[in-house]
Each structure stands twice: as C-alpha cells, then as structure tokens.
Amino acid sequence: MATYGTVRGIPSHTLKDLGADVLLVNFLHLFFYPGVEALQRAGGIHRFFSIPVPVLADSGGYQVFSLKGMRKIKDDGVTFQDPRSGRKEFLSPEAVARLEEAMGLDIGMVLDLCLPPEAGKREHARAVDVTTQWAGRSLEAVSRDRMRLFGIVQGGIHDDLRKKSARELGAMPFDGYGIGGLGLGETREETFRALDVAIRNLPGDRPRYLMGMGYPEDLREAAALGVDLFDCVLPTRNARNGQLFTSRGILNYKNSEFKDRQEPPDPECACPACRHYTLAYLHTMYRQGR
C-alpha cells in the first residue's frame, strides 16, 4: 500500500522483484498533491513514481468516513478539505472517475458513500442508494479504454442492504467489485456475515476486492469466502513499528529477547529480509532508529 505513491522504506523500482502484483495508492491525497497535471506532465503515475506494477487507487470514499470534520456530502458529490493545506475541492463521481483515468491508473474505484457501522439503518440505506447512483454516473463518465473501473458495495452490517447493494452493482458492467465499509469497528462476526452476503450476491466471474483489511487470519477466512484482492497498511506499518507477521505467528522484534538472536525472522520464508538478515540485526536497526 502506497498512500502517497510510494511504499515507505521500499524503492518503487524494486516492487516487482519483491513480488508485488498491484500497488494501491490514495486518489484523494495524490489529487491534492502533487496533482493530476503534475502526473500527466511526467507521463502518468507509473513514470512519476517509477512504479513497475499495475496501480489501483481508492476514490476518496473512505475519506468520507475518516475525514468526517473535513468534508461535506451532497447528492451530486463531496467537498473535501486537504488535511495539510486546508484547500477545499468539490469532487463529483464523474470527476473522480475522469481524474483517475487522467492519472494513468490501471484500476480506479468509484466514489462511494462509506459510513461507520454505528450509523442508523436509514443512513446506511441512503448511502447504498447514493453509492449505486454515483456508480452508474461513474461508468458513463469514462471511456475505460485505458483503465478498469470497480464498483463498491456498501450497506454496513445490514444483510438486506448488503444484498441490495451487491445485486444492484453486480447488474452493472464493472470490471470488478470492492466491498467497503467493513473493519471499521463492527464485531468480527458482523464483518464476515456482511462479507459473505456481499460475495454471494456479486458476479463470480469478476474480481472481488475486500477493502482495508489485512490480518493474516482475516485474509484466510475472506479468501475462503471468495475474495480475490485485499489492501491494508498493516504489513509495512507494523514492520516500521517493530512487528512482523511470520509462519510462526507475530514477532515483536523490538523486544530485548531478540537482541542476540542470530536466526532469520522466519526460517520458512524466502523473502530478502529472511534470506539476508537476522533478528538481532533487525532489533538493532529498530533500536537505532534506522
């Protein structure tokens, strides 16, 4: 995951060699800076950031949830405020789709209305209706000769709304489908019940993408239900904070018990870190702030 176009601590040109198949970026942050025109002048997002793999971008729908005090929702789109500069911009679903295509993305997501699970059912019902309307408008706005476009299922933890959203979007000719609005504070049981409802009501011949979830146990369970794609900040964020996911479980390599451990982080893993470095080395680098 590369919110601002780069994965922290990893040179972009090495992503393919590290096994990355797709890179996720944040449309809204890149829209505010460096801006669509800057990406176009460079020849597109791949050339600007030296990205050797396909690029997928979210649409700003999650920021409807996360930037609650810095956005204003209208029937025809959302006014967002840049958290850094304070600049405000109105984005319609058509504008988001066209700008994603102009950035040179391989996969774009429609602008959707993402609500917290504690919102009332009436609010979630409205969000489903708005998301469906915006999805149709997004499809009409782009040529899709260069970019694949995904719809996004909403509906909170309400089975009937998830079913409605999945069926309405599934009837539209999207290239794939995101499942959004999960992992935001609901129980794990509620998450996977809602996910199962969405999967069972989406077309099986196109990719299904669970947005924003990434714990290993969640990946296994979601994949068993039929999810094809995932995104999450966990792998790189947790590693930067001294935690690794391994075949033996979670390792907190910042702990003093690893100070003199000369084995690799995971003997069963063939990644560059496990091939070339020891737990003692990683512990030392973390303690030195490297």
Within the distance-only criterion (no hydrogens, no angle test), does the side chain of [X] pair as donor or acceptor with the backbone N or O of [Y] below 3.5 angstrom?
X      : Y      : answer
Asn252 : Gln243 : no
Ser59  : Val110 : yes
His46  : Val53  : yes
Thr131 : Ala127 : yes
Asn26  : His29  : yes
Arg248 : Pro265 : yes
His283 : Tyr253 : yes
Thr187 : Glu190 : yes
Ser12  : Phe49  : yes
Arg162 : Leu195 : no

Open item on the list: As a quick check of understanding, evaluate side chain to side chain contact (heavy atoms under 4.5 Å, CB included) for Leu105 and Val25, giving each step before the final call.
Closed with: CA-CA 10 Å; Leu105 296 168; Val25 301; 4.2 Å; yes
Salt-bridge present ([X], [Y]; N to O < 4.0 Å):
X      : Y      : value
Arg188 : Glu217 : no
Asp159 : Arg200 : no
Asp129 : Lys164 : yes

Tell me whether the count of non-hydrogen atoms from other residues, nucleotides or ligands lying under 6.0 Å of [atom1] in [X] goes above 12.
X      : atom1 : answer
Gln288 : CD    : yes
Tyr33  : OH    : no
Arg275 : CZ    : yes
Arg87  : CZ    : yes
Arg148 : CZ    : no
Tyr215 : OH    : no

Task: Full working for side chain to side chain contact (heavy atoms under 4.5 Å, CB included) between Arg208 and Leu210 - done: CA-CA 7 Å; Arg208 282 79 61 92; Leu210 177 57; over 6 Å; no
Open item on the list: We want to know whether Glu101 and Ser143 form a side-chain donor-acceptor pair, criterion being a heavy-atom distance below 3.5 angstrom.
Closed with: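 Indeed, the side chains of Glu101 and Ser143 share at least one donor-acceptor pair under 3.5 Å.
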- [ ] For the residue pair Glu186 and Thr191, confirm or rule out a side-chain donor-acceptor distance under 3.5 Å.
- [x]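 Yes - a donor-acceptor pair under 3.5 Å links their side chains.
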Check for me, please, whether [X] and [Y] land in the same ILVMFWY cluster - side-chain distances under 4.5 Å, paths through other members count.
X      : Y      : result
Phe192 : Ile157 : no
Val128 : Ile199 : no
Leu282 : Val7   : no
Val197 : Leu169 : no
Ile250 : Leu279 : no

- [ ] Might you work through the side chain to side chain contact (heavy atoms under 4.5 Å, CB included) test for Asp75 and Arg126, ending with a clear yes or no?
- [x] CA-CA 10 Å; Asp75 288 343; Arg126 176 180 177 271; 3.2 Å; yes
Just verifying a value: how many Å separate [X] [atom1] and [Y] [atom2], rounded to the nearest 0.5 Å?
X      : Y      : atom1 : atom2 : answer
Cys114 : Met211 : SG    : CE    : 8.5 Å
Leu244 : Cys274 : CG    : SG    : 7.5 Å
Arg47  : Arg41  : CZ    : CZ    : 14.0 Å
Leu28  : Gln81  : CG    : CD    : 11.5 Å
Asp76  : Gln133 : CG    : CD    : 11.0 Å
Leu111 : Glu100 : CG    : CD    : 8.5 Å

- [ ] Assign the ring pair Tyr277 / Tyr281 to parallel, tilted or perpendicular, where the plane angle (0 to 90°) is split at 30° and 60°.
- [x]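 Taking Tyr281 first and then Tyr277, their aromatic rings lie parallel (interplane angle under 30°).
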Task: Aromatic plane relationship, Tyr209 with Phe150 - under 30° parallel, 30 to 60° tilted, over 60° perpendicular - done: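 Plane angle over 60°, so perpendicular.
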Task: Passing candidate, side-chain contact (heavy atoms from CB on, under 4.5 Å) with Arg167, options Thr132, Asn201, Val153 - done: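 It is Asn201; the other options fail the test.
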TODO: Compare all side-chain heavy atoms of Leu149 with those of Leu139 and state whether any distance is below 4.5 angstrom.
DONE: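 Side-chain contact under 4.5 Å: yes.
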Open item on the list: I'd like to check Thr246 versus Cys269 (side-chain heavy atoms, cut-off strictly below 4.5 Å). Are they in contact?
Closed with: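 SC-SC contact between Thr246 and Cys269 ruled out.
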TODO: Please lay out, stage by stage, how Gln154 and Leu113 fare under the test side chain to side chain contact (heavy atoms under 4.5 Å, CB included).
DONE: CA-CA 8 Å; Gln154 290 293 341; Leu113 191 50; 5.9 Å; no
